Amino acid sequence: MKSELAALIHAALEQLVAKGTLAELPDTPPQIDRPREASHGDLSCNIAMVLAKRAGVAPRALAQQVIDALPTNTVIRQSDIAGPGFINFFIEQHHHTEVVRTILETGRLFGHSDSGGGRRVQVEFVSANPTGPLHVGHGRGAAIGDCLGRLLEATGWSVQREFYYNDAGQQINNLALSVQARAQGKGPDHSDWPADGYQGHYIEDVAKAYLSSETVQAADREITAAGDPADLEAIRDFAVASLRREQDQDLRAFQVVFDKYFLESSLYDDGAVKDTVTALQAAGHTYEDQDALWLRTTEFGDDKDRVMRKSDGGYTYFVPDVAYHHNKWQRGFERVINEQGADHHSTITRVRAGLQGLDVGIPEGWPEYVLHQMVTVMRDGAEVKLSKRAGSYVTLRDLIDWVGCDATRYFLVARAPSSQLTFDVDLALAKSNENPVYYIQYAHARCASVLRKANESLGEDSAQEGLSHLSCLSESETLALAISLGRFPEVVATAAERLEPHDLANYLRELAADFHSFYNAHKVLEVEPGTAKARLALVAATQQVIANGLALLGVSAPEAM
RNA sequence: GCGGAAUUAGCUCAGCUGGAUAGAGCGUCGGUCUACGAAACCGAAGGUCGCAGGUUCGACUCCUGCAUUCCGCGCCA
């Protein structure tokens with residue numbers, strides 16, 4: 001509807017240019033808004049105010065000229081000039097309700113588009129090191145990253161989901177030493193307990209499983225424990241596999257699936273790290289100082305240069321990071337989106353600087369980043385900080401156990417990533433109107449229930465037959481619902497463009513509210529058959545859009561609750 | 001100290017590239033089921049958009065300064 005109006009306005013502007021009223025077309029397309037005030041029409045445009053000064057015409061006068069230049073059409077019922085020069089458009093009723101037909105015809109694909117044109121994008125998210133269970137921050141990353149993947153797929157991108165982790169660094173050593181200590185019967189109070197050792201209960205579980213020679217299978221590896229407490233190498237391999245498996249189980253319970261797991265160690269094995277250093281040296285972006293090799297990241301906007309190779313010969317972490325992203329570039333991703341916690345903010349400049357230094361044609365803003373802020377968990381009015389299993393932090397598994405996958409996903413994705421998030425366990429648990437997840441799902445189940453009833457009384461095809469009676473959809477609540485349904489494609493497109501899934505979460509709550517209002521105001525079944533069928537079509541369309549929207553959030557759409 | 005993010009109703013948060021009288025949910029108060037699912041609906045009260053300047057037809061939105069909170073600031077990852 002918006003795009004149709006945009007085309008009409010564009011045509012009007014072209015005519016004004018031809019007449020000489022305007023010197024040229026504006027460089028940006030006219031802005032079309034949905035006014036919140038009903039008396040301001042269905043859509044409004046501010047183009048007359050934007051162009052008034054350049055055209056040397058008063059805004060309201062220019063607005064009149066735009067209106068007069070609009071081509072004949074069947075979309076606009078009425079055009080008003082209001083306030084300082086807004087043009088308010090009232091849309092023909094049949095244009096509002098026609099979307100019901102489109103929805104029933106396109107079904108699961110309604111809301112999808114092809115702006116991505118099959119181009120390749122990678123979304124990297126979670127990327128937790130296998131040193132412990134996933135915490136709520138990882139959960140937020142998982143919810144946002146996975147939802148971004150779904151939104152990009154829905155807008156025509158070819159998406160790969162990737163999980164990157166360090167399987168060989170100092171943290172993994174600490175993990176192995178911690179498990180070994182537990183396998184030898186030592187606890188954190190023992191004099192030989194490793195410094196920086198991991199103290200969570202899960203370490204004991206891993207040690208126990210290792211001693212009993214269990215076999216574990218994770219998404220990207222499988223290993224059988226050697227059982228020998230002295231074999232640190234074997235313990236490390238087993239511990240990594242064990243924690244990878246635990247993370248996989250949590251992710252599966254969270255309905256998140258990755259296409260690829262990428263190991264940091266592989267970048268050392270295949271020489272990519274070394275090659276990256278050589279390339280940066282050859283490009284002249286490095287220098288030696290105090291026995292270390294430095295990268296002039298200040299050439300690329302950093303506030304100070306960064307060490308690449310330490311005086312002990314080892315590389316700092318950002319070197320493999322650069323090598324990793326170079327590898328992504330070589331794999332041909334037009335876009336790469338990294339979803340991370342905001343505490344990793346400082347790496348952005350460094351990684352991009354390293355990539356620019358390679359001078360292989362990587363665009364300056366590549367890769368893109370979506371950073372999410374911290375999550376705090378509230379329960380019974382107090383902040384929850386501890387988990388039974390991990391000890392020092394609340395895990396994703398805790399949340400799923402407490403409130404279920406659907407509520408966890410919805411709550412973690414319903415706020416702008418840049419906002420700190422307070423997760424209210426009691427609210428997520430409420431099976432009532434307090435809880436937006438149930439509110440939306442309830443609307444879906446209600447639709448399903450009415451349609452089931454209609455199948456018995458009016459026949460299986462009644463909703464379909466309603467398409468010939470769409471003119472019966474005329475009450476304000478009914479039209480408001482239809483208009484909301486029509487917004488869905490642009491909500492999906494905008495959320496995908498701006499990489500902000502919370503737009504979609506909020507839209508679905510509003511849509512559910514519109515449906516509940518409609519449902520309470522008007523009978524669907526026990527009315528004149530034509531009207532009943534038209535309303536059934538509207539109900540079927542609503543069910544479809546809620547289902548499509550929830551699918552993009554990874555939340556289930558129950559037929560009954 | 002430097003960099004990033006944030007500051008909007010009692011609470012949790014939206015507010016689209018600057019648009020019309022700043023919105024929603026919860027909470028509070030008052031209504032609505034012998035009626036297709038009341039897990040719902042309708043109505044009311046509630047805000048100096050952190051503070052002070054600036055830019056312009058117009059600022060919650062952009063710019064400057066200040067305050068407060070969070071996160072970073074290592075030859076850790």
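This is a predicted model, so every value here is computed, not measured. The sequence lines fix the lettering, A, B, ..., with proteins before strands; numbering per chain opens at 1.
Residue-to-nucleotide proximity on RNA chain B shows that, of A:Lys453 and A:Val50, the 5′-proximal contact is made by A:Val50. Nearest-nucleotide assignment on RNA chain B puts the 5′-proximal partner with A:Ala445, out of A:His516 and A:Ala445.
For A:His344 and A:Tyr369, the gap between ring centers reaches or exceeds 6.0 Å.
Protein atom CD of A:Glu500 is 13 Å distant from nucleotide atom C1' of B:rA5, rounded to whole Å. We find that CG of A:Asp33 is positioned 14 Å from C1' of B:rG58, with the value rounded to whole Å. Here B:rC70 presents its P atom at 12 Å from CE of A:Met374, a figure rounded to the nearest Å. Here the P atom of nucleotide B:rA20 and the CD atom of A:Gln31 are 11 Å apart, to the nearest Å. If you take CZ of A:Arg509 and C1' of B:rC13, they are 9 Å apart, rounded to a whole angstrom. When the P atom of B:rA39 is taken as reference, atom OH of A:Tyr438 falls 14 Å away, rounded to whole Å. In this structure, A:Tyr519 atom OH and B:rC42 atom P are separated by 15 Å, rounded to whole Å. What separates CG of A:Asp80 from C1' of B:rA20 is a distance of 14 Å, to the nearest Å.
Here B:rC33 is in the syn range [glycosidic angle within 90° of 0].
A close approach under 4.0 Å does not occur between any side-chain nitrogen or oxygen of A:Ser517 and OP1 or OP2 of B:rA40.
Among B:rA40, B:rA14, B:rA5, the nucleotide with an atom closest to any side-chain atom of A:His502 is B:rA14. Nearest to the side chain of A:Ala560, among B:rC36, B:rG37, B:rG19, sits B:rG37.
Looking at heavy atoms from C-beta onward, A:Arg306 lies out of side-chain contact with A:Thr316 at the 4.5 angstrom threshold. Between A:Glu475 and A:Phe518 the shortest side-chain heavy-atom distance does not fall below 4.5 Å.
Once rounded to the nearest 0.5 Å, the distance linking CD1 of A:Ile203 with OG of A:Ser178 reads 5.0 Å.
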Once each nucleotide of nucleotides 72-77 of chain B is scored for protein heavy atoms under 4.0 Å, what B/S/- sequence comes out, 5' to 3'? S-SBSB
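A donor N or O paired with an acceptor N or O is not found under 3.5 Å between the base of B:rA20 and the side-chain atoms of A:Asn46.
For A:His326, there are no ring-ring contact (aromatic ring centres under 6.0 Å, His included) partners at least two apart in sequence or on another chain. Under the rule for a side-chain hydrogen bond (donor to acceptor under 3.5 Å, both in side chains), A:Tyr507 has no partner lying at least two apart in sequence or in another chain. In terms of the salt bridge (charged side-chain N to carboxylate O under 4.0 Å, His left out) criterion, residue partners of A:Arg34 (sequence neighbours excluded) are, by chain and number, A:Glu490.
Residue A:Glu364 places its CD atom among 12 or fewer non-hydrogen atoms of other residues, nucleotides or ligands, all under 6.0 Å distant.
By the 4.0 Å N-to-carboxylate-O rule, A:Glu526 lies too far from A:Lys453 to be salt-bridged with it.
Geometric assessment of A:Arg509 against the ring of A:Tyr410 yields a negative cation-pi assignment under the 6.0 Å and 45° thresholds.
B:rG37 has no stacking from A:Tyr442 on its base ring, since the centres under 5.5 angstrom apart and planes within 30 degrees of parallel are not both found.
Residues from residues 412-423 of chain A with heavy atoms under 4.0 angstrom of RNA chain B, sorted by number: A:Arg415, A:Ala416, A:Ser418, A:Ser419, A:Gln420, A:Leu421, A:Thr422.
Counting only Watson-Crick or G-U wobble pairs whose defining distances are both under 3.5 Å, the stems of 3 or more consecutive pairs in RNA chain B are B:1-7 with B:67-73, B:10-13 with B:23-26, B:28-32 with B:40-44, B:50-54 with B:62-66.
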